[in-house]
Each structure stands twice: as C-alpha cells, then as structure tokens.
Amino acid sequence: MRRARTPAPLLVPAALAVAFLVLPLAGLLVRTPWSQLGALLTAPGVGQALRLSLVSATLATLVSVVLGVPLAWVLARSRARGRSVLRALVTVPLVLPPVVGGVALFLVLGRQGIVGSWLDDAFGITIPFTTTAVVIAETFVAMPFLVISVEGALRAADVRYEDAAATLGADRWTTFRRVTLPLVAPGVAAGAVLCWARALGEFGATITFAGNFPGTTQTMPLAVYLALQRDPQAAIVLSLVLLVVSVATLLLLRDRWLGRGAAA
C-alpha cells in the first residue's frame, strides 16, 4: 500500500521542530576546534571523566533494571490500593529539578541525613562525595525512564500467555521469568537505553550530592561545566565526545535489541 502523504500544514512545524533540535548539534560540530582535537582529548582528567561516566551510567542502569522492573510490574499488574499515588511518586524525578533531587538525597543519605547518620554511626559509611554517590544520583534521576517504559510494555503484553502458563501449573514467579520477561524484553531494552543515556548526561543531582572531584566524582558533564569556565574550546570537545558516545550507543543498542524496524 502506498503511504499517505504528509498533510501540508504539518510540514512547516515539523521542519521547525527538526531545525530546533538539530541546529544546536550542528553548531557544536561547526565550532569544534578540529585542529586541537587530539591535544584536548588527551588532556589530564578527560579519560578519567569519560571512564567514570561510562562506568557509573552502566551501574546506575543495572541497579535501575534490578529494582525498576519489579516496580513496573507492581504498577502495571498489581491491584493494590494507592497505585496512582505510587506512580506519581515514582515519576516525580522526571519533573523535579535535578539540583532539588541532589538536595533530597543529601538530606536522606548525608552524614546528618535520615539514613546516612545511621550508616555513619553504625558502620562508618559515608556516601556523599564518593563514586557511590554518583551512581545513586544517576539512578535516582534515570530509573523513572525505565519504569515507565517497562510498565507500558507490561500493559500492552497479551496476558493470555500468562494465563496459559498458570493453567499448566506454573507458579507466578516461574510465569514471570519464563513468560512475562520474554514478552516485555523489548520494553526493558528500550527503558535501559533511555535510562543509560539519562544517567550519562546527569549533572545537577551529581554535583549537589557527589561533588566535583577529579577521578572520584567528576563525570563528563561536570568536566564540561568546569572546562566552560576556563577553556571554552575544551568544553566544546568534551561536549562532542558526549554527543558521539550517546548517539552511537542509542543507535547500536536499538539495532541490537529493538530491531532495525524500530530504529528506523
């Protein structure tokens, strides 16, 4: 069947939307000091910041998958009261300013925080301004993306397969592992990709809760912010690195897990 033509009134706003989203990225490419690229990329601290960003974003995504998939199942399938309130609370980090999220984490996990004071007194564990704090901050702001994606996939999944497994004698845990998870695997993959990309670019909660210490808590976004104040050319190059890593990861993971049709 021949595809329907795009209505003319939609073309202009669609073109403006594309320009609005693409022109800033094009500007970054145009203003990149290509002749100094090698020297700026090998500057002290760049490799550490990139490595820390990749590792912390990956750990945050793993934590989000382990905790977020069961939470998404509760939101999508459970009949417990208060699910609407729980869903609202889970999605709050999507609209909450990241700096406020960092302050909230500090009040809970800081040395004088609700949980942090107990950890410090009982075990001598201090979380703020450590690499662990980076992972926690990124998980806090990124997990809702995974939960929303997986919840949507669970709601769209055909429950008849789960009912059939139950009639064959499978308990709920076996049904979840052997039937539900394979059904929603594309949704989990999509949520994980979004979660990883959001964690990679996290700035506000990280700098508030973890600080900006090279080699320990200074991720690439923080390195860009610091470089922008003293060397704008270096900030452009670091931003380009983040752009390339983000785009390459999204393209590769979508082709691998969601299929080429979804990526198109």
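Counting from 1, the numbers follow the sequence of the chain as shown. Atom set for the values below is all heavy atoms of this structure, side chains included, hydrogens, waters and symmetry mates excluded. These figures come from a predicted structure and were not determined experimentally.
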Measuring only between side-chain heavy atoms, which start at C-beta, is Gln218 closer than 4.5 Å to Phe213?
no
Quick check for you: to the nearest 0.5 Å, what is the distance between Ile148 atom CD1 and Leu194 atom CG?
10.0 Å
With a 4.5 Å cut-off on side-chain heavy atoms, are Trp34 and Val237 touching?
no
Trp196 CH2 to Ser64 OG distance, which is reported to the nearest 0.5 Å
13.5 Å
Can you find a heavy atom in the side chain of Phe140 that is under 4.5 Å from one in the side chain of Thr206?
no
Would you be so kind as to tabulate the donor-acceptor pairs closer than 3.5 Å made by side chains of residues 90-110, with sequence neighbours excluded?
from: Thr91; atom 1: OG1; to: Arg87; atom 2: O; distance (Å): 2.9
from: Thr91; atom 1: OG1; to: Ala88; atom 2: O; distance (Å): 3.1

Check step by step if side chain to side chain contact (heavy atoms under 4.5 Å, CB included) holds for Thr180 and Tyr161.
CA-CA 8 Å; Thr180 307; Tyr161 293 104; over 6 Å; no
Nearest heavy-atom contact between Thr208 and Phe129 is O-CE2, 4.4 Å
What pair of heavy atoms forms the shortest contact from Ile236 to Arg31, and how long is it?
CD1-O, 3.8 Å
Within the structure provided, determine whether Thr131 and Ser56 are in side-chain contact (heavy-atom separation under 4.5 Å).
no
Taking atom CD of Gln48 and atom CE of Met220, what is their separation to the nearest 0.5 Å?
12.5 Å
Indicate yes or no: at least one non-hydrogen side-chain atom of Glu138 is less than 4.5 angstrom from one of Thr219.
yes
When every non-hydrogen atom of Leu146 is compared with those of Cys195, the smallest separation belongs to CB-CB, 4.3 Å
Below 3.5 Å, can you tabulate the donor-acceptor pairs from side chains in residues 65-78 to any protein atom, sequence neighbours excluded?
from: Arg77; atom 1: NH1; to: Glu162; atom 2: OE1; distance (Å): 2.6
from: Arg77; atom 1: NH1; to: Glu162; atom 2: OE2; distance (Å): 2.8
from: Arg77; atom 1: NH2; to: Leu154; atom 2: O; distance (Å): 2.7
from: Ser78; atom 1: OG; to: Ala80; atom 2: N; distance (Å): 3.1

Inter-residue atom distance Arg160.CZ - Thr167.OG1, 0.5 Å rounding
13.0 Å
Rounded to the nearest 0.5 Å, the CD atom of Glu202 sits from the CD1 atom of Ile207 at a distance of 10.0 Å
Which atom names give the shortest non-hydrogen contact between Thr217 and Leu222, and what distance separates them?
O-CD2, 3.7 Å
Linking I/L/V/M/F/W/Y whenever their side-chain heavy atoms sit closer than 4.5 Å, directly or via other members, would Leu59 and Ile136 fall into one cluster?
no
Between Gln112 and Ser117, do the side chains contain a donor N or O and an acceptor N or O under 3.5 Å apart?
no
What distance do Ser239 atom OG and Leu25 atom CG have between them, rounded to the nearest 0.5 Å?
11.0 Å
Under the side chain to side chain contact (heavy atoms under 4.5 Å, CB included) criterion, do Phe123 and Trp118 qualify, and how do the steps go?
CA-CA 8 Å; Phe123 304 101; Trp118 172 76; 3.5 Å; yes
Counting only heavy atoms not in Arg155, do more than 12 fall under 6.0 Å of its CZ?
yes
How close do Ala57 and Thr61 get, counting heavy atoms only, and between which atoms?
O-OG1, 2.8 Å
Tell me, do Leu89 and Val85 make a side-chain contact under 4.5 Å, heavy atoms counted?
yes
Sorted by chain and residue number, the ring-ring contact (aromatic ring centres under 6.0 Å, His included) partners of Tyr225 (sequence neighbours excluded) come out as Phe203
Please examine the side chains of Leu183 and Leu181, heavy atoms only from C-beta on, and report whether any two atoms are closer than 4.5 Å.
no
Is there side-chain contact between Pro214 and Thr216, with at least one heavy-atom pair below 4.5 Å?
no
